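Below you'll find the structure, written out as structure tokens, and then a few comments.
Since we're looking at a predicted model, the values are computed, not measured.
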Amino acid sequence: MCKTSLTKMAVLVILAWSTLPIAVEAETRVGPSEAFDEQVRDALLRNPEIVLEVFAILERQNDERQAQKDAAVLDAVSEMLFGDVDQELGQGTPVMIEFVDYNCSYCRRAEEEVLAVLEANETVVLKVLQLPILGDSSVEAARLAYAAKLIYGEEKYLEINRALLEGGALAMQNLDGFLAAMGFDPDALREAADDPQIDDHLTTTRELARRLNITGTPGFITRTRIHRGFVAADELTESALKTATADGKNQ
């Protein structure tokens with residue numbers, strides 16, 4: 001039996017697996033439908049790898065459909081995501097946008113991957129968006145990080161972001177002490193944390209996350225792809241360095 005026929009059989013089995021018999025009783029079956037069921041079951045028993053092959057095909061097709069949907073979403077919010085970088089550094093600059101929550105253990109784990117990308121590719125620009133979804137302390141830390149951006153600028157903002165991720169739970173337990181040890185004025189940061197601009201930042205980020213279907217952290221956005229969850233450095237690098245052509249394809 002050819003591979004295509006076996007694959008078609010496997011698809012039918014997956015769709016109606018619960019209706020197939022677990023054991024074949026010694027009885028005579030009548031009709032083409034029953035005979036076909038027997039052929040399917042026999043083929044799978046002799047070639048169980050077919051099921052895995054079909055699952056791989058279905059998963060690849062699902063990934064392709066999701067990629068098409070993501071491309072449309074990215075196009076719709078491109079200006080919000082990349083407009084400031086394009087204006088400052090030029091269109092096509094490799095960008096890696098990260099959604100973080102400082103209480104997120106996966107964000108902390110992903111920091112090593114992010115640093116690996118940046119160290120190996122000096123042209124990649126990192127943008128960090130605060131998506132505090134894990135409680136009040138996450139919101140507090142996010143506001144203080146944004147406050148550092150307002151007072152000291154982007155470089156210090158990224159410095160605090162890295163320190164909070166690397167500091168982990170200990171940093172979150174004593175934010176004022178941790179920031180003071182870094183040389184920042186906690187009182188000044190807390191005063192700036194009430195700035196309405198920070199409310200706008202957080203509101204905009206939540207809306208972006210909703211449109212991008214990012215429901216948890218970390219999340220990574222490049223010009224051509226949405227990554228939901230932890231991503232290894234090699235995949236992030238490949239994604240960040242890709243560019244979109246006029247026909248919507250990646251190169």
- Query: Between Lys156 and Glu159, does at least one N-O distance fall below 4.0 Å, as a salt bridge requires?
  - Reply: yes
- Query: Does the side chain of Leu175 reach to within under 4.5 Å of the side chain of Pro186, using non-hydrogen atoms?
  - Reply: no
- Message: If you count heavy atoms of other groups shown closer than 6.0 angstrom to CD of Glu154, is the number above 12?
- Response: yes
- Thr204 meets the side chain to side chain contact (heavy atoms under 4.5 Å, CB included) criterion, sequence neighbours left out, with Met80, Leu208
- Message: Keeping Arg143 on the side-chain end and Ala193 on the backbone end, is there a donor-acceptor pair under 3.5 Å?
- Response: yes
- Message: For Asp86, give me all partners under salt bridge (Lys or Arg N to Asp or Glu O under 4.0 Å), at least two apart in sequence or on another chain.
- Response: Arg223
- What is the minimum heavy-atom distance between Leu165 and Arg108, and which atoms define it? O-CG, 3.4 Å
- Note on the structure: On a heavy-atom basis, the closest approach of Ala110 and Phe230 is CA-CE1, 3.6 Å
- Query: Do any pairs count as a side chain to side chain donor-acceptor pair (under 3.5 Å) and have a residue in residues 122-136, sequence neighbours left out, and if so which ones?
  - Reply: Asp84-Lys127, Tyr102-Gln130, Gln130-Tyr157
- Task: Just do the side chain to side chain contact (heavy atoms under 4.5 Å, CB included) check on Arg206 and Leu131 with the steps written out, would you?
- Result: CA-CA 7 Å; Arg206 284 193 295 269; Leu131 188 62; 4.2 Å; yes
- Message: I'd like to check the side chain to side chain donor-acceptor pair (under 3.5 Å) partners of Ser137; sequence neighbours left out, ordered by chain and number.
- Response: Asn103
- Heavy-atom donor-acceptor pair, Asp101 side chain to Thr217 backbone, under 3.5 Å: no
- Does the ring centre of Phe184 sit less than 6.0 Å away from the ring centre of Tyr152? yes
- May I have the step-by-step check of side chain to side chain contact (heavy atoms under 4.5 Å, CB included) for Ile151 and Leu189, ending in yes or no? CA-CA 8 Å; Ile151 298 174; Leu189 289 176; 4.1 Å; yes
- Note on the structure: d(Thr237 OG1, Asn121 CG) to nearest 0.5 Å is 5.0 Å
- Query: Judged by atom type as modelled, is there a donor-acceptor pair below 3.5 Å linking the side chain of Arg228 to the main-chain atoms of Gly216?
  - Reply: no
- Query: Of all residues at least two apart in sequence or in a different chain, which pass the salt bridge (Lys or Arg N to Asp or Glu O under 4.0 Å) check with Glu112?
  - Reply: none
- Message: Would you say Leu202 ends up clustered with Leu158 if hydrophobic residues are merged whenever their side chains have heavy atoms under 4.5 Å apart, either directly or through other cluster members?
- Response: yes
- Item | Considering all heavy atoms, the nearest Phe82-Thr222 contact | CZ-O, 3.4 Å
- Message: Quick check: closest heavy atoms across Leu150 and Ala192, and the distance to 0.1 Å?
- Response: CD1-O, 4.2 Å
- Could you note down all residue pairs passing side chain to side chain donor-acceptor pair (under 3.5 Å) where residues 163-186 supplies at least one of them, sequence neighbours left out? Asp176-Arg190
- Candidate pair Arg210 and Glu207, rule salt bridge (charged side-chain N to carboxylate O under 4.0 Å, His left out), full reasoning: CA-CA 5 Å; Arg210 184 191 67 78; Glu207 174 60 18; 2.6 Å; yes
- Task: Can you measure from OG (Ser138) to CG (Leu164) and round to the nearest 0.5 angstrom?
- Result: 11.0 Å
- Message: Working note: Val77 + Leu212, criterion side chain to side chain contact (heavy atoms under 4.5 Å, CB included); need CA distance, chi angles, decisive distance, verdict.
- Response: CA-CA 9 Å; Val77 297; Leu212 295 164; 4.1 Å; yes
- Honestly curious: do Val139 and Val100 fall in one hydrophobic cluster under the side-chain, below-4.5 Å linking rule? no
- Heavy-atom closest pair, residues Ser239 and His227: OG-NE2, 3.0 Å
- Message: side chain to side chain contact (heavy atoms under 4.5 Å, CB included) for Asp200 and Ile198? Distances and angles first, verdict last.
- Response: CA-CA 5 Å; Asp200 294 340; Ile198 294 179; over 6 Å; no
- Carboxylate-amine/guanidinium contact Glu235 Arg225, below 4.0 Å: yes
